[in-house]
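First up is the structure itself, then whatever we jot down about it.
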Amino acid sequence: MPEQEFTETASKETTVAEINTQTGTITKLQPPAQSQDEWLKYGEQVSTFLATLPEYVGGFFNEYKQPLVTVGLIVGSIVGVKVLLAILDALNDIPLVAPTFELIGIGYSAWFVYRYLLKASTRKELTSEITTLKSQVVGKIPEA
């Protein structure tokens, strides 16, 4: 049996530029495959982050509790005013509702002037009611 000759072929590293210059070749580059160890490392980092997330959030909230509550109240107030204005705008689009509200407002204003502002005794009564209401809201006892 004749002995076969084996010739060693050296693997020549070719660059993408060299491959693309050859006619009739289509180059398909594949990204290097990540090993299982790298995926485990990323998974461990994510699980560590998720495990400490409640601690971070709790510490952040405890440190900035007052500003967060203030911002929440401001945002809630803005949203509430927008909703109220939207409701009033929708009511104004209904025929005869806007003029009816205007008549009610004029009637209440006339009653208020007649009840509290025409006589000095009723103005004193209004002043005492306002002072009582203010002391209830603020929490101070009015000085007599």
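Starting from 1, each residue takes its place in the sequence as its number.
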Same apolar cluster (I L V M F W Y, side chains within < 4.5 Å links), Y108/L118: yes
Close side-chain approach of K65 and F61, heavy atoms under 4.5 Å: yes
Pairwise side-chain contact, R115 with E125, heavy-atom cut-off 4.5 Å (strictly under): yes
Sequence-distant partners of E129, salt bridge (Lys or Arg N to Asp or Glu O under 4.0 Å), two or more places apart: none
Parallel, tilted or perpendicular: ring planes of Y42 versus W39, cut at 30 and 60 degrees: perpendicular
Distance (rounded to the nearest 0.5 Å) between L91 CG and I87 CD1: 7.5 Å
Between CG on residue L53 and OG1 on residue T48, distance to nearest 0.5 Å: 12.5 Å
Ring centroid separation F60 to Y64 under 6.0 Å: yes
W111 vs Y116 side-chain heavy atoms within contact, under 4.5 Å: yes
Nearest-0.5 Å distance, OG of residue S47 to CG of residue L40: 10.5 Å
L68 side, atom CG; N62 side, atom CG - distance, nearest 0.5 Å: 10.5 Å
Non-hydrogen atoms of L117 and L126 that approach each other most closely: CD2-CD2, 4.1 Å
